[in-house]
2 protein chains.
Amino acid sequence: MIKLGMLDEHIGFHLRLAQDVSFRAYARQAGAPHLKPGRFAAMTVIKNNPGISQIALGRAISRDKSTITPMVRELVSLGLVERVPSTIDRRSMTLTLTSAGDAMLDDLARAAEAHDRRLDEVVGDQKAVLIELLKKIEDALV
Amino acid sequence: MIKLGMLDEHIGFHLRLAQDVSFRAYARQAGAPHLKPGRFAAMTVIKNNPGISQIALGRAISRDKSTITPMVRELVSLGLVERVPSTIDRRSMTLTLTSAGDAMLDDLARAAEAHDRRLDEVVGDQKAVLIELLKKIEDALV
DNA sequence: TATTGTTATACTCTATAACTATA
DNA sequence: TATAGTTATAGAGTATAACAATA
């Protein structure tokens, strides 16, 4: 049996471990509707903020603009996102989901929800507490 | 203001976000005693399980053996880990920390602890609850 | 001068598969 | 046959820096 030593008391360590395990379980389960993990977050942000610029998208998901460029290009080439030059700022692009993108996001949401139902089961009636604590961490450390 | 939509209710999503934020904060703060994140976990496992094989190390931190090889080589070349052929199984290597490795791990532990004290502050008296929930997730989803 | 987005480039982390040497 | 470890290789994900166009 492997011992973990002092790490066992560390929130940061368990955050990493739990995220790792959770993501692997999701990837195993999702299987079919394949789209890389970052894409899901990006598409969700676009859906909820139609017309958003690439820069703003990058800020929303904490990625550099140079990371956003190929990501958006891929989503556009898959027919999931539409990319139109802004009329008010000609440097800027406006992003929206296509109807295919919307449908795909629904599929992904279903897979994510199935996964999250498992997580819900695991944490039981403590879900609200857990999410509240995680949000606190997100807000405090930015 | 960016809206997140349904994701906001998902444990998996907040796990990812909180881990991301936490890791970035740690990286910012750690600054000086530079060693990549996976190394910390590896060295901790070696410290607490002296003589462990590479395969067992890989299992402990959920990495393939081909990921372990260059990782161990780096730690050896930095003088932090000693790597000795096993006398009982000649295919196998035994790993232990050098005294420099032990000292380095102490430094890293201090940085990690400083970071974790911030996390502790954020979650307050809910720390035990949070760790318990994260462990539940780790155990349930393997 | 500052910002949006692209490109070139590079680095890290990771795994798969084929291999060797042992078991 | 199976396991420990290495190597070659490839694919994600990410960022920095230099740049063009526009503000």
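None of these values were measured; they are calculated from a predicted model. The figures here come from the full heavy-atom set of this structure, side chains too, leaving out hydrogens, waters and symmetry mates. Convention: sequence-line order gives letters A, B, ...; per-chain numbering from 1.
For residues 74-86 of chain B, the side chain to side chain donor-acceptor pair (under 3.5 Å) pairs, not counting sequence neighbours, are B/Lys36-B/Glu74, B/Arg39-B/Glu74, B/Gln54-B/Arg83. Each side chain to side chain donor-acceptor pair (under 3.5 Å) pair with one or both residues in residues 92-104 of chain A, not counting sequence neighbours, appears once here: A/Lys47-A/Asp102. Screening residues 126-137 of chain A for salt bridge (charged side-chain N to carboxylate O under 4.0 Å, His left out), with sequence neighbours left out, gives A/Asp120-A/Lys127, A/Lys135-B/Asp8.
Residues satisfying the side-chain contact (heavy atoms from CB on, under 4.5 Å) test with B/Arg59, not counting sequence neighbours, are B/Ile55. Among residues two or more places apart in sequence or in another chain, the salt bridge (Lys or Arg N to Asp or Glu O under 4.0 Å) test is passed with A/Arg91 by A/Asp89. Looking at residues two or more places apart in sequence or on another chain, you find no salt bridge (Lys or Arg N to Asp or Glu O under 4.0 Å) involving A/Arg73.
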Side chains of residues 61-68 of chain B: which donor-acceptor pairs under 3.5 Å do they make with residues two or more places apart or in other chains?
{"unit_1": "B/Asp64", "atom_1": "OD2", "unit_2": "B/Ser66", "atom_2": "N", "d": "2.9"}
{"unit_1": "B/Asp64", "atom_1": "OD2", "unit_2": "B/Ser66", "atom_2": "OG", "d": "2.8"}

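Side chain of B/His115 to main chain of B/Ser22: a donor-acceptor pair is present (N/O by atom type, distance under 3.5 Å, no hydrogens or angles). Counting only distance, with no hydrogens or angles, the side chain of A/Asp20 and the backbone of A/Arg16 share no donor-acceptor pair below 3.5 Å.
Rounded to an integer number of Å, the gap from B/Arg59 CZ to C/dA15 P is 14 Å. Remark: P of D/dA2 and CD1 of B/Ile55 are 15 Å apart, rounded to the nearest angstrom. For the pair B/Asp64 CG and D/dG5 C1', the interatomic distance rounds to 11 Å; values are reported in whole Å. Separating the CG atom of B/Asp20 from the C1' atom of D/dG13 is a distance of 12 Å, rounded to the nearest angstrom. Atom P of nucleotide D/dG13 and atom CZ of B/Phe23 are separated by 17 Å, given to the nearest angstrom. At whole-Å resolution of the value, CZ in A/Arg63 and C1' in C/dT12 are 14 Å apart.
A donor-acceptor contact under 3.5 Å is not formed by the side chain of A/Ser92 with the base of C/dT3.
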List every contact pair, protein side and nucleotides 19-23 of chain C side both N or O, where the distance is under 3.5 Å.
{"unit_1": "C/dA23", "atom_1": "OP1", "unit_2": "B/Arg90", "atom_2": "N", "d": "2.9"}

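In this structure, the nucleotide among D/dG5, D/dA8, C/dG5 sitting nearest to the side chain of A/Met93 is C/dG5.
Note on B/Arg39: a side-chain N or O is less than 4.0 Å away from OP1 or OP2 of C/dC13. Not one side-chain nitrogen or oxygen of B/Gln54 sits closer than 4.0 Å to the OP1 or OP2 atom of D/dT3.
Taking for each of B/Ser62 and A/Thr94 the nucleotide of DNA chain C with the nearest heavy atom, the 5'-most of the two is the partner of A/Thr94.
Remark: B/Thr69, B/Arg73, B/Arg83 in residues 67-85 of chain B come within less than 4.0 Å of DNA chain D through at least one heavy atom.
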